[in-house]
Amino acid sequence: MVFRIALTGLLIAGLLAGRAAHAAAPCRTSGSYDAWLAAFEREALSLGITQRAISAAAPSLTYDQRIVNIDRGQRVFTQTFLEFSDRMAAAYRIQTGGAKIKTYAPVFARIDQQYGVPAPVIVAFWALESDFGANMGNYHALSAIASLAYDCRRSDRFRSQLFDALRLIQRGDLRPDEMIGSWAGELGQTQMMPSEYYQYAIDYNRDGKRDLIHDVPDMLASTGNYLQGIGWRRGEPWLTEVRVPEKLPWDQADLAIQHPRSKWAAWGVTLADGRPLPGDNLPASLLLPMGRFGPAFLAYQNFQVYLQWNNSLVYSTTAAYLATRIAGAPALHAGTPPAALPFNDVKEMQGLLVRAGHDVGNVDGFMGLKTRQAVKAMQVKYGLPADSYPTAELLERMRAGR
């Protein structure tokens, strides 16, 4: 479930290794897939990838239109946080996660010491990404990545992934026939893209191979190494459920805004069970994934790592919440959030926001962080509580222009 990109055009042929590329990469508008692949293989050679690795991968580098169709039709995160977390942070994942921590206790102890990432955090990703290794996908990763590299929607991103997939073969980490994963080319039990695999994979059991598909210690340690590499802070929390008062400066509920916990406490925010927040200076943001009437969390700097892993707020909040549950936190208080806007209404609201001069990213029906920021600005304009959550009331105001 990786999820992070630009349209592409033409690249000057004969790009040399190490030279900065300012032109966009060629994609399907430039010619046939076979011609594109031949040029790609020549460029791979120029970048130091061996002919042996390219030849080993060649039978798998086929174009698959199904992959492109899937990429253009994703809609999983039109679900609300409560819908998604209720399904994905299920009781069996919490129970199995706790059992896995016990089974691999010595490995997790070493990982915590080396990388500072707690076991529940790693195990929650393990649960969500592959159901503890039970479902790593059944797509040929090389074909999937090559198809997406040839397609123009995200060509630059997947070209770099394809180079690193070849480097994994060259380094001896995986054979092409072992590279079975998700439709987007993610590999292993925590679903790393080839570039993440290449940079962060560790031979933790020292058997001479970095194997994130079959080898659990390698996979767990590599996941910890990756999380540390993208900013995890040792000894700091990631997410705490809280209770918010009826009156609050709602415009401060924003992941881009941090206040010390003592400030949130002064505004009447408490722990979920009503006990007071620690009156310290640890910075935290107030996260209201479904508005002021739904669940509420304090999100710390480590929560930004979740957004690095997956920039969907629904997924990231679910992964962080599941980690707290595996660590022993009680189930969340769902509250009484308003009904979610239908997909087409969200898309309409995005169009109205763009017309009003706001940047929502893409007008695609997905409630991303940019759309939430624009919703907040419009709520401020109309004198509504600025909790960044789109409602039917806001949409009606925007339709009427008042």
Side-chain angles (χ1 to χ4, degrees), residues 1-4 60 64 66-71 73-79 81 83-104 107-108 119-145 147-148 158 161 165 168 173-197 200-201 204 209-224 226-227 306 309-312 314-323 325-326:
M1 296 185 182
V2 180
F3 330 77
R4 298 169 271 255
S60 300
D64 189 342
R66 296 174 306 158
I67 298 296
V68 174
N69 294 343
I70 293 170
D71 184 51
Q74 297 180 73
R75 290 182 65 164
V76 63
F77 294 122
T78 58
Q79 299 172 71
F81 165 66
E83 290 169 340
F84 190 72
S85 63
D86 186 59
R87 181 167 63 89
M88 301 302 287
Y92 84 91
R93 285 197 168 116
I94 297 167
Q95 294 161 2
T96 304
K100 295 291 187 184
I101 291 173
K102 291 179 180 177
T103 299
Y104 296 100
V107 175
F108 281 117
V121 172
I122 296 172
V123 168
F125 283 121
W126 190 11
L128 291 181
E129 295 291 347
S130 72
D131 227 356
F132 307 103
N135 183 16
M136 289 180 275
N138 56 10
Y139 293 91
H140 292 276
L142 290 169
S143 175
I145 297 167
S147 300
L148 293 170
F158 283 98
Q161 295 294 337
L168 290 175
D173 293 341
L174 295 171
R175 302 187 311 271
D177 63 289
E178 294 178 298
M179 299 174 77
I180 305 297
S182 79
W183 65 264
E186 297 149 313
L187 296 164
Q189 297 192 37
T190 50
Q191 296 285 276
M192 287 193 183
M193 292 299 290
S195 295
E196 297 160 355
Y197 197 127
Y200 293 104
Y204 210 56
K209 190 176 181 181
R210 303 168 184 84
D211 184 354
L212 311 189
I213 294 175
H214 311 99
D215 193 312
V216 172
D218 279 9
M219 175 273 297
L220 295 175
S222 300
T223 304
Y226 173 56
L227 290 168
Y306 284 88
W309 183 290
N310 186 321
N311 60 15
S312 161
V314 169
Y315 176 93
S316 295
T317 308
T318 297
Y321 166 63
L322 177 57
R325 296 283 282 125
I326 294 171

Inset, instruction - Carefully, step by step, assess Asp71 and Ile67 under the rule side-chain contact (heavy atoms from CB on, under 4.5 Å). - result: CA-CA 6 Å; Asp71 184 51; Ile67 298 296; 5.6 Å; no
Legend entry - Check: Ala134 main-chain N/O paired with Asp131 side-chain donor or acceptor under 3.5 Å: no
Inset, instruction - For the pair Tyr315 and Phe84, name the ring-plane relationship: parallel under 30°, tilted 30 to 60°, perpendicular over 60°. - result: tilted
Legend entry - Cationic N near anionic O, under 4.0 Å, Arg210 to Asp215: no
Legend entry - Check: Gln189 side chain, Ile213 main-chain N or O, donor-acceptor pair, under 3.5 Å: yes
Inset, instruction - Specify the closest pair of heavy atoms between Ala184 and Leu148, including all atoms of both residues, with the distance to one decimal. - result: CA-CD1, 4.1 Å
Legend entry - Reported CD-to-CD1 distance for the pair Gln161 and Ile145, which is rounded to 0.5 angstrom: 6.5 Å
Inset, instruction - Quick one: closest heavy-atom pair of Trp183 and Ala144, and the distance? - result: O-CB, 3.1 Å
Legend entry - OG-CD distance between Ser130 and Glu186, expressed to the nearest 0.5 angstrom: 11.0 Å
Inset, instruction - With rounding to the nearest 0.5 Å, note down the distance linking CG in Leu322 to OG1 in Thr317. - result: 12.5 Å
Legend entry - Minimum heavy-atom distance Asp64-Ser143, with the two atoms named: CB-OG, 3.8 Å
Inset, instruction - For Tyr197 and Leu212, indicate whether the former's side chain and the latter's backbone hold a donor-acceptor pair under 3.5 Å. - result: yes
Legend entry - Exercise: identify the closest heavy-atom pair between Leu187 and Pro194: CD1-CG, 4.5 Å
Inset, instruction - List the steps and the verdict of side-chain contact (heavy atoms from CB on, under 4.5 Å) for Phe132 and Thr96. - result: CA-CA 9 Å; Phe132 307 103; Thr96 304; 3.5 Å; yes
Legend entry - Check: Ser316 main-chain N/O paired with Asn310 side-chain donor or acceptor under 3.5 Å: no
Legend entry - Minimum heavy-atom distance between Tyr139 and Ile70, given as atom pair plus value: OH-CD1, 3.6 Å
Inset, instruction - Begin from the C-alpha positions of Val121 and Tyr306 and carry the test side-chain contact (heavy atoms from CB on, under 4.5 Å) through to its verdict. - result: CA-CA 10 Å; Val121 172; Tyr306 284 88; 3.5 Å; yes
Legend entry - Gap between atom NE2 of His214 and atom CD of Glu178 - 0.5 Å precision: 5.5 Å
Legend entry - Leu220 side chain reached by Tyr204 side chain, heavy atoms, under 4.5 Å: no
Inset, instruction - First locate atom CE of Met219, then atom CD1 of Ile122, and finally report the distance between them rounded to the nearest 0.5 Å. - result: 9.0 Å
Legend entry - Derivation of the side-chain contact (heavy atoms from CB on, under 4.5 Å) call for Ser60 and Met179: CA-CA 10 Å; Ser60 300; Met179 299 174 77; over 6 Å; no
Legend entry - For Tyr200, all residues meeting ring-ring contact (aromatic ring centres under 6.0 Å, His included), sequence neighbours excluded: Tyr226
Legend entry - Nearest heavy-atom neighbours spanning Gln191 and Glu196: O-OE1, 4.5 Å
Inset, instruction - Output the distance between atom CZ (Phe158) and atom OG (Ser195), rounded to the nearest 0.5 Å. - result: 10.0 Å
